[in-house]
Amino acid sequence: MNIGILLPRSHAYPLIGSDFMEGIKAFVRQAGLSGELHFFAESIGFGGQEKEVYAKTEKLLLIDDVDVLVGFIDQKVLELVKPLVSASGKLMIVVNPGANYPANWVPQPNMVTLGLQHAFLCALNGAAAGNGCDVQAGVASTFYDCGYLHLAAMVHEFMAAKGVLKFNYINKQLDNEVFHIDELISFLSANTGTKKLLCIFNSLYAAHFYKALNAYEKAGNLHLYVSPMMLEKKALENLETGFQFSMEGFLPWHQSVPNDENRSFVDFYQQQLKKEPGIFSLLGWEAGIILKEIYDSSNSEYRNGESVVEMLTTKSIKGPRGALQLDPETQFFYLRLSVAV
């Protein structure tokens with residue numbers, strides 16, 4: 001079975017594409033399918049060049065004539081290639097962290113989505129932040145992160161729970177500028193009644209944010225509701241003195257998830273690649289699990305996208321996070337296990 005892969009690039013996560021590809025290949029080796037599953041990979045850069053994204057998708061589907069397409073691609077960019085994928089009739093597995101969600105939830109018959117459910121987890125956290133009477137909070141994020149919908153999901157659920165937003169802090173600094181949160185500190189100093197913060201940062205900026213907020217003299221009065229990336233190891237590891245504030249959030253996956261599939265994933269990945277797996281290698285591993293299910297269960301009809309989707313809706317596929325189940329109404333994979341922190 002020939003599989004085409006669309007790989008992204010990211011300023012915030014430079015190894016995103018290689019980590020994802022390593023995850024797929026690690027699973028294929030572990031499953032003993034290296035001779036049966038063959039990969040054709042194309043880089044789509046940062047996803048902003050529409051012609052490039054379309055051209056690479058066209059090459060994989062028409063020139064390389066792959067049987068299945070796996071696209072690590074955001075929902076907004078996905079709209080560019082939907083007509084081409086639909087015309088091909090082949091299955092496309094859309095992979096992304098889930099910070100965005102579709103404007104139209106009507107699924108395409110030959111397309112499924114595997115993600116980390118970040119917007120959903122942020123929505124859960126927003127609802128938790130709004131729990132109580134006369135709750136007020138501030139928002140803290142970056143200009144970059146506001147380009148996604150996970151902040152909107154968090155704020156929407158916070159306000160639906162009758163929470164009141166008192167301040168929006170959106171950091172607009174560039175990578176080469178000295179990071180500060182002066183405007184946020186000024187607001188908190190003048191409005192001591194606002195003790196909750198709804199926070200969305202990628203792991204790099206989260207580390208800077210935590211350090212700057214920790215230096216605030218009244219940080220101990222604050223409680224943060226944070227996005228999943230803010231709970232990543234890279235976000236937390238630089239604060240050797242600990243946190244003055246408290247925080248909570250949801251993770252889609254952790255190395256300590258107590259099931260045999262997760263232990264197999266973590267142990268094999270560390271043994272093969274001599275490093276710890278991350279969320280992008282996890283997505284690669286899970287994409288590999290789905291590809292194996294397609295290879296094993298589609299009776300060689302894996303070029304018929306609609307038929308494969310119908311087959312996948314009948315399966316419960318064991319993975320490191322729990323059971324992967326395809327929702328027939330949205331054609332998104334959901335999981336039965338998340339870890340709260």
Side-chain angles (χ1 to χ4, degrees), residues 5-27 41-49 52-53 56 70-78 93-101 113-122 140-151 171-177 179 199-211 226-239 249-255 265-266 269-270 273-288 320-321 341:
I5 311 282
L6 295 171
L7 294 174
R9 293 182 63 193
S10 168
H11 290 297
Y13 301 97
L15 298 179
I16 186 171
S18 61
D19 285 351
F20 178 71
M21 203 67 210
E22 285 175 353
I24 292 184
K25 290 184 175 180
F27 175 80
E42 293 287 343
S43 172
I44 55 172
F46 298 99
Q49 300 297 323
E52 180 181 18
V53 173
K56 295 296 179 64
V70 178
F72 200 121
I73 189 170
D74 185 69
Q75 289 292 332
K76 293 180 179 179
V77 182
L78 178 62
I93 303 173
V94 179
V95 181
N96 55 56
N100 280 326
Y101 44 85
T113 300
L114 171 69
L116 296 172
Q117 305 172 345
H118 278 189
F120 173 68
L121 298 179
C122 286
S141 188
T142 69
F143 180 79
Y144 171 82
D145 285 299
C146 285
Y148 297 87
L149 295 175
H150 49 350
L151 178 58
N171 187 286
K172 300 179 181 179
Q173 293 168 256
L174 302 176
D175 291 343
N176 60 352
E177 294 180 302
F179 187 90
C199 304
I200 305 278
F201 290 87
N202 67 51
S203 57
L204 175 62
Y205 274 90
H208 296 324
F209 177 73
Y210 287 147
K211 184 176 181 180
V226 302
S227 56
M229 289 295 190
M230 296 185 71
L231 296 170
E232 289 292 312
K233 184 177 180 180
K234 289 182 179 180
L236 303 172
E237 62 187 1
N238 292 329
L239 268 181
F250 293 90
L251 283 169
W253 169 79
H254 193 269
Q255 288 193 32
F265 163 54
V266 172
Y269 193 90
Q270 290 177 330
L273 291 128
K274 311 303 180 186
K275 62 181 180 179
E276 293 183 352
I279 54 173
F280 301 122
S281 47
L282 166 79
L283 280 174
W285 184 277
E286 289 183 337
R321 291 187 281 171
V341 177

Under the side chain to side chain donor-acceptor pair (under 3.5 Å) test, residues paired with Asn171 that sit two or more places apart: Tyr169, Gln173
Minimum-distance pair of heavy atoms, taken over all atoms of Ile24 and Gly284: CG1-O, 3.1 Å
For Ala206, all residues meeting side chain to side chain contact (heavy atoms under 4.5 Å, CB included), sequence neighbours excluded: Phe201, Tyr210, Met230, Ala235
Derivation of the side-chain contact (heavy atoms from CB on, under 4.5 Å) call for Ile279 and Met229: CA-CA 10 Å; Ile279 54 173; Met229 289 295 190; 3.5 Å; yes
All side chain to side chain donor-acceptor pair (under 3.5 Å) counterparts of Asp19, not counting sequence neighbours: none
Gap between atom CZ of Phe20 and atom CD of Glu286 - 0.5 Å precision: 10.0 Å
Rounded distance [0.5 Å steps], NZ in Lys172 versus OG1 in Thr142: 11.5 Å
Non-neighbouring partners of Ala26 that pass side chain to side chain contact (heavy atoms under 4.5 Å, CB included), sequence neighbours left out: Arg29, Phe268, Tyr269, Leu273, Trp285
Note, Phe179 side chain near Phe209 side chain (heavy atom, < 4.5 Å): yes
Rounded distance (nearest 0.5 Å) linking atom CD1 of Ile5 with atom CE of Met21: 4.5 Å
Set of residues satisfying side chain to side chain contact (heavy atoms under 4.5 Å, CB included) with respect to Pro97, sequence neighbours excluded: Phe72, Leu116, His118, Phe280
Set of residues satisfying salt bridge (Lys or Arg N to Asp or Glu O under 4.0 Å) with respect to Glu22, sequence neighbours excluded: Lys275
Distance-minimising heavy-atom pair for Leu7 and Gly17: CD2-O, 3.8 Å
Ile73 side, atom CD1; Ile93 side, atom CD1 - distance, nearest 0.5 Å: 14.0 Å
Any side-chain heavy-atom pair of Gln75 and Thr113 under 4.5 Å: yes
Glu232/Asn202 under side-chain contact (heavy atoms from CB on, under 4.5 Å): CA gap, chis, key distance, verdict: CA-CA 9 Å; Glu232 289 292 312; Asn202 67 51; over 6 Å; no
Side chain to side chain donor-acceptor pair (under 3.5 Å) against Gln270, all qualifying residues, sequence neighbours excluded: none
Beyond-backbone contact of Cys122 with Leu151, side-chain heavy atoms, under 4.5 angstrom: no
Residues forming a side chain to side chain contact (heavy atoms under 4.5 Å, CB included) with Lys56, sequence neighbours excluded: Leu6, Glu42, Ile44, Glu52
ring-ring contact (aromatic ring centres under 6.0 Å, His included) against Tyr144, all qualifying residues, sequence neighbours excluded: Tyr148
Nearest heavy-atom neighbours spanning Val95 and Leu283: CG1-CD1, 3.9 Å
Leu231 side, atom CG; Leu236 side, atom CG - distance, nearest 0.5 Å: 6.0 Å
Sequence-distant partners of Tyr13, side chain to side chain donor-acceptor pair (under 3.5 Å), two or more places apart: Ser203
Minimum-distance pair of heavy atoms, taken over all atoms of Cys146 and Ser141: SG-OG, 4.0 Å
Within-4.5 Å side-chain heavy-atom neighbours: Arg321 and Leu282: yes
